[in-house]
Amino acid sequence: MTTLIESDEHKALRAAVSDFAKDHHASTNGNLWQEAAKLGYIGVNLPEEYGGGGGGIAELSLVLEELGTAGSPLLMMIVSPAICGTVIARFGTDAQKREWLPALADGSRLMAFGITEPDAGSNSHRITTTARRDEASGDWLLTGRKVFVSGVDIADATLVVGRTEDSRTGRLKPCLFIVPRDAPGFTRRPIDMELQAVEKQFELVLDDVRLPTEALVGDEDAGLLQLFAGLNPERIMTAAFAIGMGRFALGKAIAYARERTVWKTPIGAHQAIAHPLAQAHIDLELARLMMQRAAHLYDAGDDVGAGEAANMAKYAAGEACVKAVDQAVHTLGGNGLTREFGLASLITAARVARIAPVSREMILNYVSHQTLGLPKSY
């Protein structure tokens with residue numbers, strides 16, 4: 001099975017990204033996003049005809065994993081090429097593809113993604129951001145609020161999940177809109193996060209934001225299909241982010257355990273130190289297998305199979321990452337909490353993989369009723 005044995009092309013890509021990331025991490029100069037984009041890493045999943053690499057989520061997740069392993073994860077890779085790029089490539093109009101895909105691929109433009117709302121949380125059916133038609137002009141008017149939207153300040157536009165009224169049933173259905181950052185009525189407020197990250201989190205307010213007809217991505221009646229086309233890559237890429245972070249932390253701990261000598265031998269010779277690190281490595285490798293399976297299914301066009309595998313991969317990677325970071329900090333003892341070793345900040349960061357973009361409890365709910373056929377409690 002292709003997901004069990006990595007191809008020579010993937011091995012070469014992994015090695016190239018690893019070398020690039022290590023070199024960049026050692027350097028204090030340059031913009032990592034732009035440099036990675038020049039080498040084709042940011043747009044590796046986007047269609048070749050629009051300047052991308054013609055690969056899939058399998059290649060993009062590999063890139064993010066290796067960047068994270070070198071200590072240089074790029075959170076916006078989950079959002080800009082994986083969610084937004086995928087949705088536009090699959091469902092966008094020709095004009096939207098021409099405008100956005102080459103720019104997303106070469107790194108010259110970024111796109112954020114807004115789905116979470118203050119009162120909706122994990123329940124996307126409670127999204128209240130609504131779009132209505134201006135009968136006179138045909139424009140859309142978008143109103144609502146979003147929270148925990150990454151990188152809005154550096155993004156040229158935000159792909160916003162709203163709802164429109166179905167003229168046949170009167171029910172609200174999900175739709176996706178491209179909202180330019182400077183659109184009148186579109187305001188942002190930074191959320192004061194304890195988590196220290198390059199990419200900031202924002203609350204968005206949309207107050208009758210006027211958008212042209214062509215701001216709607218794809219078919220007005222295919223909302224859920226389009227939405228989940230972006231959410232499965234999001235879960236797979238979050239798994240890659242978590243696995244990379246876990247591998248980075250584990251690498252620091254292994255290097256320390258090999259050198260640190262308190263009695264006669266390095267502390268890594270003691271099973272109380274060695275075994276938990278070995279277990280953390282096993283868990284990360286198992287999570288990676290599921291991530292690769294999910295990416296393979298998604299790239300093969302199996303959205304249903306990918307949905308299950310992507311959720312499982314995200315769950316497994318989140319758990320493995322938290323355990324790896326915790327064990328790494330514990331291995332270093334007091335040193336694990338110093339800035340010098342760069343592990344303490346990962347304690348908070350690792351929790352993100354359990355919480356976002358979907359909590360582990362919601363994944364267990366998904367597996368309970370979708371895979372196991374158990375009744376829903378909600």
Q) Of the non-hydrogen atoms in Ala310 and Asn232, which two are nearest, and what is the gap between them? A) CB-O, 3.8 Å
Q.
So that I can tick it off, tell me whether Glu285 and Arg288 are bridged by a salt bridge, with the cut-off set at under 4.0 angstrom between side-chain N and carboxylate O.
A. yes
Q: Report yes or no: does Asp326 contribute a side-chain atom to a donor-acceptor pair with the main-chain N or O of Val322 at less than 3.5 Å?
A: no
Q) Can you check whether Asp139's main-chain N or O pairs, donor with acceptor, with Ser137's side chain at less than 3.5 Å? A) yes
(Q) For Glu234, is there an ion pair with Lys314 - N to carboxylate O distance below 4.0 angstrom? (A) no
Q. Any donor and acceptor pair, going by atom type alone, linking the side chain of Lys146 with main-chain N or O of Val161 inside 3.5 Å?
A. yes
Q) Under the side-chain contact (heavy atoms from CB on, under 4.5 Å) criterion, do Leu195 and Thr348 qualify, and how do the steps go? A) CA-CA 6 Å; Leu195 175 69; Thr348 309; 3.9 Å; yes
Q) Can we say Glu319 and Arg360 salt-bridge, meaning some charged N sits less than 4.0 Å from an Asp/Glu carboxylate O? A) yes
Q) Counting heavy atoms not belonging to Asp182, are there more than 12 under 6.0 Å from its CG? A) yes
Q) So how far is it from Glu65 CD to Met291 CE, rounded to the nearest 0.5 Å? A) 4.5 Å
Q: Take Leu216 and Leu176 through the side-chain contact (heavy atoms from CB on, under 4.5 Å) test and state the conclusion after the steps.
A: CA-CA 6 Å; Leu216 176 72; Leu176 297 160; 5.9 Å; no
Q) So how far is it from Phe248 CZ to Ser72 OG, rounded to the nearest 0.5 Å? A) 8.0 Å
Q) Going hydrophobic residue to hydrophobic residue with side-chain gaps under 4.5 angstrom, can you get from Val217 over to Leu204? A) no
Q. Could Arg145 and Asp207 be called an ion pair, given the rule that one side-chain N must be under 4.0 Å from one carboxylate O?
A. no
Q.
Regarding Arg132 and Asp208, does a basic nitrogen lie under 4.0 Å from an acidic carboxylate oxygen?
A. yes
Q.
The test is side-chain contact (heavy atoms from CB on, under 4.5 Å); show your working for Val149 and Thr116 and say whether it passes.
A. CA-CA 8 Å; Val149 184; Thr116 305; over 6 Å; no
Q. Does a donor on one side chain sit under 3.5 Å from an acceptor on the other, for Glu117 and Thr129?
A. yes
Q: Return yes if a side-chain donor-acceptor contact under 3.5 Å exists between Asn335 and Tyr256, otherwise no.
A: yes
Q) Do any N or O atoms from the side chain of Asn45 and from the backbone of Gly55 form a donor-acceptor pair under 3.5 angstrom? A) no
Q | Closest non-hydrogen atom pair between Ala257 and Ile273, with its separation | A | CB-CG2, 4.1 Å
(Q) Distance check, rounded to the nearest 0.5 Å: Leu277 atom CG versus His330 atom NE2? (A) 10.5 Å
**Q.** For Ile42, the option from Leu74, Leu60, Val63 that meets side chain to side chain contact (heavy atoms under 4.5 Å, CB included)
**A.** Leu74
Q: Compare every heavy atom of Trp33 with every heavy atom of Gly107, then report the nearest pair and how far apart it is.
A: CA-NE1, 3.6 Å
Q: Please confirm whether the backbone N or O of Thr93 pairs with a side-chain atom of Gln96, one donor and one acceptor, at under 3.5 Å?
A: yes
**Q.** Atom CZ of Arg258: over 12 foreign heavy atoms under 6.0 Å
**A.** no
Q | Spacing of CG belonging to Leu67 relative to CG belonging to Leu75, to within rounding of 0.5 Å | A | 12.5 Å
Q. With no hydrogens and no angle check, do the side chains of Glu6 and Gln292 hold a donor and an acceptor under 3.5 Å apart?
A. yes
Q: Would you kindly check if the NZ (Lys) or CZ (Arg) of Arg210 is within the cone defined by 45 degrees around the ring axis of Trp140 and under 6.0 Å from the six-membered ring centre?
A: no
Q) Atom CG in Asp303, atom CG in Leu297: separation rounded to 0.5 Å? A) 10.0 Å
Q. What's the shortest heavy-atom distance between Ala157 and Ile178, and which atoms?
A. CB-CG2, 3.9 Å
Q) Between the side chains of Gln201 and Ser150, does any donor sit under 3.5 Å from an acceptor? A) yes
Q) Do other residues, nucleotides or ligands put more than 12 heavy atoms under 6.0 Å from His369 NE2? A) yes
Q: Output yes when a side-chain donor or acceptor of Lys200 lies under 3.5 Å from a complementary backbone atom of Ala197, and no otherwise.
A: yes
Q. Looking only at heavy atoms, what is the nearest atom pair of Ala89 and Lys97, with distance?
A. O-CE, 3.3 Å
Q: For Ile78 and Ala82, work out which heavy atoms get closest and say how close.
A: O-CB, 3.2 Å
(Q) Quick check on His10: does its NE2 atom have over 12 non-hydrogen neighbours (other residues, nucleotides or ligands) under 6.0 Å away? (A) yes
Q) Is there a donor-acceptor pair under 3.5 Å between the side chain of Ser80 and the backbone N or O of Met76? A) no
Q. Checking Arg109 against Trp100: charged group under 6.0 Å from the ring centre and within 45 degrees of the axis?
A. yes
**Q.** Heavy-atom donor-acceptor pair, Glu59 side chain to Gly56 backbone, under 3.5 Å
**A.** yes
Q.
Less than 6.0 angstrom separating the ring centers of Phe202 and Phe148, yes or no?
A. no
Q.
Are Leu64 and Phe20 linked, directly or through intermediate hydrophobic residues, by side-chain heavy-atom contacts shorter than 4.5 Å (ILVMFWY only)?
A. yes
Q: For the pair Thr86 (side chain) and Ile83 (backbone), establish whether a donor and an acceptor sit closer than 3.5 Å, ignoring hydrogens and angles.
A: no
(Q) Quick check for you: to the nearest 0.5 Å, what is the distance between Ser108 atom OG and Gln34 atom CD? (A) 7.5 Å
Q. So Glu308 and Tyr366, side-chain contact (heavy atoms from CB on, under 4.5 Å) or not? Walk me through it.
A. CA-CA 8 Å; Glu308 179 187 65; Tyr366 178 96; 4.2 Å; yes
